[in-house]
Q: 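Structure in structure tokens, see below.
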Number of protein chains: 2
Amino acid sequence: MTLDGLPHHGGGAEELARLLARALLAGRWQPGDAFPRELDLCAHFAVSRNQVRNALASLTATGLIERTAGRGTVVRAVVDWHLLDPLMSEWMVGLADPDPQLVREIFAFRYSAEPVVARLATEAAEAADLERLEAAFQGMTRTAGEPEARGLHAEYDVAFHDAIYLASHNLVWRQMGHLLRPSIIALIQSSQAHVHQEHESLDDSLARHGRVLEAIRRRDPAAAEHAAREVLRRTAIDLGIVDAPAESTH
Amino acid sequence: MTLDGLPHHGGGAEELARLLARALLAGRWQPGDAFPRELDLCAHFAVSRNQVRNALASLTATGLIERTAGRGTVVRAVVDWHLLDPLMSEWMVGLADPDPQLVREIFAFRYSAEPVVARLATEAAEAADLERLEAAFQGMTRTAGEPEARGLHAEYDVAFHDAIYLASHNLVWRQMGHLLRPSIIALIQSSQAHVHQEHESLDDSLARHGRVLEAIRRRDPAAAEHAAREVLRRTAIDLGIVDAPAESTH
DNA sequence: CTTGCCAAAATGTCTGACATTTAATAGGCT
DNA sequence: AGCCTATTAAATGTCAGACATTTTGGCAAG
């Protein structure tokens with residue numbers, strides 16, 4: 001419950017918030033646990049109480065902690081976290097050891113949502129949206145298989161899926177593009193672990209992405225929905241969420 | 001651009017934030033406009049700079065405004081708003097004159113999302129979820145048609161749809177229950193306006209809700225998806241988003 | 001055993017001064 | 001005139017310290 005082992009930081013309330021948030025996301029405290037007091041944080045990080053209070057305000061706003069006058073600060077349960085807050089997504093990316101349960105939940109959401117969004121995109125996409133999809137797909141193609149461009153490839157991957165959400169032209173759906181980055185970053189970290197069938201997997205994934213693009217361009221709702229689901233099915237395999245390609249396509 | 005006409009308030013930064021947020025949501029300022037300065041807000045509302053800064057921090061966190069040292073505070077565009085932030089939903093409920101475009105966007109989202117969520121619910125619902133659905137549905141039935149219980153009926157309506165999201169047992173989907181309250185409150189305000197075919201509409205809506213419950217209880221994914229879509233189709237008519245029941249059921 | 005009071009500890013608030021950033025402005029030089 | 005620079009003004013950001021408020025627990029009287 002102490003704050004031993006937390007790294008120091010350069011400066012600024014934002015970075016302090018990020019640091020504490022990542023410790024929380026990594027499971028450093030359990031739900032219901034007492035969080036360090038303001039003055040202890042001030043002392044440990046050598047910052048003013050202002051900075052600490054600002055940082056804690058961010059954690060409160062994202063549902064990570066709950067503060068009450070007189071009682072103190074306690075850590076909230078995972079179900080109370082505001083997973084759709086952009087700040088939260090920012091804090092999740094590059095997390096060394098993300099909670100596999102959380103990764104699975106986010107993926108399950110995407111698996112159910114993205115086919116619908118792809119369908120919407122066939123109806124709402126305009127020229128600019130198609131260009132964005134096209135550019136992202138070509139970026140993916142260009143960087144595929146180059147080991148040193150792994151990060152860049154992931155960025156194009158994020159851009160591709162984000163472009164689908166944007167193409168839906170719905171204010172609510174497009175908010176959820178934030179979830180993509182942590183989800184996809186987790187994917188490449190996971191696939192870095194098991195280096196099995198690297199080439200097959202990538203080619204297959206690329207082809208499936210291409211079919212989504214094509215379906216949206218043809219404005220074929222059923223095909224887009226199906227293709228998006230196929231992309232995510234491939235991703236599920238690579239993430240190790242489903243261990244075998246034993247499932248049929250329908 | 002001034003703050004004439006803004007009502008005063010009882011006290012507390014939360015209420016001040018709520019007040020300013022509602023003014024923003026009501027379109028009091030245009031995107032890109034300059035927002036009042038801290039000291040002006042202090043003077044107008046007779047509160048300390050602390051309270052003002054706390055309130056503005058909330059508005060910043062929800063993407064309503066953007067602040068930069070030296071430049072000031074400017075109002076952000078609607079596409080930058082964090083519509084999925086619980087605070088935002090709280091601020092939206094009971095808004096006197098909600099932006100019809102925004103209401104339509106939120107409804108379009110629900111129309112595409114809830115059928116999928118209902119399908120998930122058939123697979124993931126447990127006993128407690130069915131009880132919650134059942135209780136909400138019976139509450140809706142009990143309060144249907146009673147003019148003085150209009151607000152209570154809306155609450156049961158919210159509870160019913162929220163129960164669907166909860167029954168999906170997915171961390172991301174259940175976050176979106178927040179969107180329901182403003183959406184459904186807008187509905188009853190709208191239906192208060194045109195008092196056409198009050199009884200028919202309510203009976204029909206109730207029956208469609210019942211079919212969702214039944215489908216989830218039977219664990220019939222296709223039926224649940226279809227029934228949820230039918231509920232929202234009814235709602236679309238009542239909201240005046242589609243003006244006629246000219247569309248076929250399939 | 002209960003009740004009430006008091007003290008300790010935590011977060012919340014206020015105030016005033018100062019720091020920093022940004023934009024506009026005035027001035028001098030070519 | 002035109003341009004570059006230094007200054008000023010105006011806004012948000014930060015700090016430090018004292019004080020207020022809320023909650024909890026202990027202690028003592030009944």
Side-chain angles (χ1 to χ4, degrees), chain A residues 1-3 6 8-21 23-24 29-76 80 87, chain B residues 1-3 6 8-21 23-24 29-76 80 87:
Chain A
M1 308 313 142
T2 73
L3 26 76
L6 285 181
H8 287 243
H9 71 320
E14 283 184 15
E15 191 174 340
L16 178 56
R18 176 182 151 91
L19 209 148
L20 295 172
L24 279 161
W29 293 274
Q30 293 303 307
D33 280 358
F35 198 78
R37 299 165 305 195
E38 291 184 354
L39 293 179
D40 290 340
L41 292 170
C42 291
H44 184 78
F45 294 105
V47 294
S48 73
R49 198 157 89 100
N50 238 338
Q51 305 271 21
V52 169
R53 284 185 62 77
N54 286 338
L56 293 183
S58 289
L59 302 191
T60 305
T62 48
L64 287 172
I65 60 175
E66 182 176 10
R67 319 192 68 201
T68 358
R71 186 138 41 116
T73 304
V74 300
V75 177
R76 301 186 66 178
D80 295 319
L87 265 182
Chain B
M1 308 315 142
T2 74
L3 25 76
L6 285 182
H8 286 243
H9 72 321
E14 283 184 14
E15 191 174 341
L16 178 55
R18 176 183 150 90
L19 209 147
L20 295 172
L24 279 162
W29 292 274
Q30 294 303 309
D33 280 359
F35 198 76
R37 300 164 305 195
E38 291 183 354
L39 293 179
D40 290 339
L41 292 170
C42 291
H44 184 78
F45 294 105
V47 294
S48 73
R49 199 157 88 102
N50 240 338
Q51 303 271 22
V52 168
R53 284 185 63 77
N54 286 339
L56 294 183
S58 289
L59 302 191
T60 306
T62 47
L64 287 173
I65 59 176
E66 183 175 11
R67 318 192 67 202
T68 12
R71 184 137 45 114
T73 305
V74 299
V75 177
R76 300 185 68 178
D80 296 318
L87 264 182

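Below, chains carry the letters A, B, ... as their sequence lines are ordered, and counting in each starts from 1.
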Q: Atom CD of A:Glu14 to atom P of D:dT12: distance rounded to whole Å?
A: 18 Å
Q: Which distance, rounded to the nearest 0.5 Å, do you find between the CZ of A:Arg53 and the CG of A:Leu41?
A: 12.0 Å
Q: Please say whether more than 12 non-hydrogen atoms of neighbouring residues, nucleotides or ligands are located less than 6.0 Å from CZ in A:Arg71.
A: no
Q: Please give, in whole Å, the distance from C:dT11 P to B:Asn54 CG?
A: 15 Å
Q: So if I take every side-chain heavy atom of A:Gln51 and compare against D:dT14, C:dT13, C:dC14, which nucleotide ends up nearest?
A: D:dT14
Q: Tell me which nucleotide among C:dT21, D:dC15, C:dT11 gets nearest to the side chain of A:Ala69.
A: C:dT11
Q: Mind calculating the distance between CD (B:Glu15) and P (C:dT13) to the nearest angstrom?
A: 14 Å
Q: What is the distance, to the nearest angstrom, from the CG atom on A:Asn50 to the C1' atom on C:dC14?
A: 12 Å
Q: Rounded to whole angstrom units, what separation is found between the CZ atom of B:Arg67 and the P atom of C:dT22?
A: 15 Å
Q: Please report the distance, rounded to the nearest Å, between CD1 in B:Ile65 and C1' in D:dG13.
A: 14 Å
Q: Please round to the nearest 0.5 Å and tell me the distance separating atom CG of A:Leu56 and atom CG of A:Leu64.
A: 11.0 Å
Q: Kindly point out which of D:dT23, C:dC14, C:dG12 is positioned nearest to the side chain of A:Arg71?
A: D:dT23
Q: Measure from CG on A:Leu39 to C1' on D:dA18 and round the result to the nearest Å.
A: 14 Å
Q: Given D:dT14, D:dC15, C:dT15, identify the nucleotide with an atom nearest to the side chain of B:Arg53.
A: D:dT14
Q: Could you state the interatomic distance from CZ (A:Phe35) to CG (A:Leu20), rounded to the nearest 0.5 Å?
A: 4.5 Å
Q: Can you find a donor-acceptor N/O pair under 3.5 angstrom joining the side chain of B:Arg49 to the base of C:dG16?
A: no
Q: How long is the line joining CG of A:Asp40 and C1' of C:dA10, in whole Å?
A: 11 Å
Q: Considering all heavy atoms of both residues, which atom of A:Val75 and which atom of A:Gln30 are nearest to each other, and what is their separation?
A: CB-O, 3.6 Å
Q: For B:Thr68 and A:Glu38, take the nucleotide of DNA chain C holding the closest heavy atom to each; which residue's nucleotide lies nearer the 5' end?
A: A:Glu38
